[in-house]
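Have a look at the structure below before the remarks.
Each chain gets a letter, A, B and so on, in the order the sequences are listed, and its residues count up from 1.
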Amino acid sequence: MSETKAPSNFIRQIIDRDLAEGKNDGQVVTRFPPEPNGYLHIGHAKSICLNFGIAESYGGSCNLRFDDTNPEKEEDEYIQSIKQDVQWLGFQWNGEERFASNYFDQLYDLAVGLIQKGLAYVDSLSPTEIAEYRGNFTTPGKPSPYRDRSVDENLALFEQMRDNKLDEGEAVLRAKIDMQSPNISLRDPILYRIRKKTHHQTGDKWVIYPMYDFTHPLSDAIEGITHSLCTLEFEDHRPFYDWVVENTSVPATPRQYEFARLNLNYTVTSKRKLKQLVDEGHVDGWNDPRMPTISGLRRRGYTPTSIRTFCESVGVSRADSVVDMAMLEAAIRDDLNQHAPRAMCVMNPLKVVIENWEAGKEETLVAPVHPQNESMGTRHVPMTREVYIDREDFREEANKKFKRLVLGDRVRLRYGYVVRATDVVRDDQGEIVEVRCSYDPNTLGKNPENADDQGKMRGVIHWVSADKGLPCEVRLYDRLFSAANPDKGLEEGQTFLSHINPESLTVLEDCWVEPGLRGALAQTRYQFEREGYFCVDQDSTDERLVFNQTVGLRESWPKEA
RNA sequence: UGGGGUAUAGCCAAGUUGGUAAGGCAGCGGGUUUUGAUCCCGUUAUUCCCAGGUUCGAGUCCUGGUACCCCAGCCA
């Protein structure tokens, strides 16, 4: 086992430097701060792994904080799912989960302090007027006529806002900074707005709610966060983040650092778009196995380890990038290859009758649970006169590269005997419905003695006893979108939804799996040999197993076979 | 258009004081194999967005370009 060295990235370098300079008393405290307005997705996993991972490797701690400053979009359902997902990934936050709303009282006092210092004022401009006064990229903003209200008047007005004396949109509290700033987020950013909505944590206590830009630096400071990691789009807000920390009396000086968010091809990682997919019924819910949500990946069969190693492998940088889905798939294949028990499942059954096998005779074959890991033990696979093989594994004729069953040739039934196809049975339409075979009783665990005459043994195929196998359902998944970037190449009137892959889900109803899987619990993962990795879906019942394809095996065989 | 960022292989990504381009994914070739899997071995950038310059020496420093991303919510 090689020592896993902490991956180098610019954030770790900053922390190393800070530690070397003795900053923050040698402490490293991070936080993962989601807004509870949706389910977590693979992009959040990157942030979670970064924040918790850094805390872990520097002997620090990481808080879970809900950034719940906008009661309009937030729900308790999201809070619960977020907590579950973080824990499932294997991380434990420091103490209880926190809420920005825990700090509403302190935030209010700090805002009053800003007013008293002449650094904040109540603006009575309408929303559209505020937008006009703000200017744009080329035009500097101009001061609101209310910008120079007296401290006393501001204090009184802010109190009226808080005491529900004003209507929504009638007034806001703004920081007094610089309406001419080339950085638009410094043109007197809004600190508080009136929202007469019941809040999932504070109920009806408040009718004014602080904005993210005001809340975040203060929450960080209150919690003693040392390194506040967020994505690139907040870069322009950093000067205001520092302004807030400098101009309020808070116990610490957290610093914000930005990294590039994760993009994956053939999917979307935007809460808004994911919510749209769910709300409009394009998928089966937030945990649809095709979704890039943590809960979707979980249902699909991804392991926490695979998601964590994936996040580690993509690294952390400041360059916009789009990670290839193949990297995610490589991570889950790697984990499951090592740990998933093997089983045989036939998904497109074709009956095979072994004519020289005595009717009614059953033989129990012994197979390893894992070919490279003896400690996982063995399993019993019943062999009978009639078995199913996959239709893809039989051809009447084929060239030498086809390593499966061909009429007249031999193939091994995995863990069992070598059989030779002798004839086919067709239905009225001429379609093959059955293959007749003979078997060589002397080939269990050894090769046929006459390998060279009478045609060679072409390969090994999987199979399931027709009498003893279990009928089951298998759900196959393809990428949710057929375009690498669903937001690109759109015609007039099209949206990312136009790129949805209509064949992202294939349900196979007539599948057969070896009987040892009877009663398998939801989430149990297997490698179906020669097919891929699958896990038991939550829709599974005692009567009927349902499997989700997590990912196929790597396939590399000659195209013209 | 003003401001803020980013450019290293098909995709991520190391490269810190200038010393002669890590690693992963994908690909390709070969070996082992009762999974066309796994595993193993080999291979894939004379060049770092472009053009100049400094230097014995530049992905790293300087100058000038180019491309792409973010910002004009009382969202986060």
- Convert the base pairs of RNA chain B into dot-bracket notation, remembering that pairs crossing earlier ones are written with [ ] and that bases paired across to another strand are shown as |; include only Watson-Crick or G-U pairs under 3.5 Å. .(((((((.[[[..)...(...]]].(((((.......))))).....[[[[[..)....]]]]])))))).....
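Looking at residues 328-339 of chain A, you'll see A/Ala330, A/Asn337 sit with a heavy atom under 4.0 Å from some atom of RNA chain B.
A salt bridge does not link A/Glu168 to A/Lys196: none of the charged nitrogens lies less than 4.0 Å from a carboxylate oxygen. Of the charged side-chain nitrogens involved, none lies within less than 4.0 Å of a carboxylate oxygen, so that A/Arg404 and A/Asp390 do not count as a salt-bridged pair. Between A/Lys165 and A/Glu159, no side-chain nitrogen of the basic residue sits less than 4.0 Å from a carboxylate oxygen of the acidic one, so the salt-bridge criterion is not met. Using a 4.0 Å cut-off between charged side-chain N and carboxylate O, A/Glu235 and A/Arg318 make a salt bridge. A salt bridge is absent between A/Arg149 and A/Asp123; no separation between the charged side-chain nitrogens and carboxylate oxygens falls under 4.0 Å. Under the 4.0 Å criterion applied to side-chain N and carboxylate O atoms, A/Glu223 and A/Arg31 are not assigned as salt-bridge partners. Salt-bridge annotation for A/Arg65 and A/Glu97: absent, with no side-chain N of the basic residue lying under 4.0 Å from a carboxylate O of the acidic one.
Applying the 4.0 Å criterion to OP1 and OP2 of B/U6, one finds that A/Arg318 has a side-chain N or O inside that range. In this structure, A/Arg554 reaches the B/U38 phosphate: one of its side-chain N or O atoms is under 4.0 Å from OP1 or OP2.
Candidate nucleotides B/U1, B/U35, B/C12 were compared by shortest atom distance to the side chain of A/Thr138, and B/U1 ranks first. The listed nucleotides are B/U35, B/C12, B/G5; the one nearest the side chain of A/Pro371 is B/U35. Closest to the side chain of A/Ser317, out of B/G36, B/A26, B/A14, is B/A14.
Note: A/Phe534 and A/Phe528 have parallel aromatic rings, judged against thresholds of 30 and 60 degrees for the angle between ring planes.
When only modelled atom types and interatomic distance are considered, A/Thr303 and A/Thr305 share no side-chain donor-acceptor pair under 3.5 Å.
Because its glycosidic torsion is more than 90° from 0, B/G23 is reported here as anti.
By the 6.0 Å and 45° rule, A/Arg195 does not stack over the aromatic ring of A/Tyr209.
Nearer to the 5' terminus of RNA chain B, by closest-nucleotide assignment, is the contact made by A/Asn9 (compared with the other of A/Asn9 and A/Phe528).
Here B/C11 presents its P atom at 16 Å from CG of A/Leu262, a figure rounded to the nearest Å. Rounded to whole Å, atom C1' of B/A37 lies 10 Å from atom NE2 of A/His370. Rounded to whole Å, the distance from CG on A/Asp324 to C1' on B/C11 is 5 Å. When rounded to the nearest whole Å, the span between CG of A/Asn265 and P of B/C25 equals 17 Å.
Here ring pair (Phe, Tyr, Trp, His ring centres under 6.0 Å) pairs that include residues 163-189 of chain A, with residues two or more places apart or in two chains, number zero.
Residues forming a side-chain hydrogen bond (donor to acceptor under 3.5 Å, both in side chains) with A/Asn442 (at least two apart in sequence, or on another chain): A/Lys446, A/Glu449.
Each of A/Phe99, A/Tyr78, A/Tyr103 was checked for a ring pair (Phe, Tyr, Trp, His ring centres under 6.0 Å) with A/Phe66, and the lone residue meeting it is A/Phe99.
Using a 4.0 Å heavy-atom cutoff across all strands shown, A/Glu235 reaches sugar-phosphate atoms only and no base atom. A/Arg414 comes within 4.0 angstrom of a base, heavy atoms only. Base contact: A/Arg404 has a heavy atom under 4.0 Å from a base atom. If you check every strand for non-hydrogen atoms under 4.0 Å, A/Arg187 touches nothing.
Within 6.0 Å of CZ on A/Arg261 lie no more than 12 heavy atoms contributed by other residues, nucleotides or ligands.
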- Note on the structure: Each nucleotide of nucleotides 70-76 of chain B classed B (base within 4.0 Å of a protein heavy atom), S (only sugar-phosphate) or -, in 5' to 3' order, makes BBBSBBB
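Residue side chain A/Arg412 reaches the base of B/U34 through a donor-acceptor N/O pair under 3.5 Å, judged by distance alone.
Two rings, from A/Phe240 and A/Phe214, have their centers 6.0 Å or more apart.
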Where do N or O atoms of nucleotides 16-22 of chain B meet protein N or O atoms at under 3.5 Å, pair by pair?
| from | atom 1 | to | atom 2 | distance (Å) |
| --- | --- | --- | --- | --- |
| B/U16 | O4 | A/Gln13 | NE2 | 3.3 |

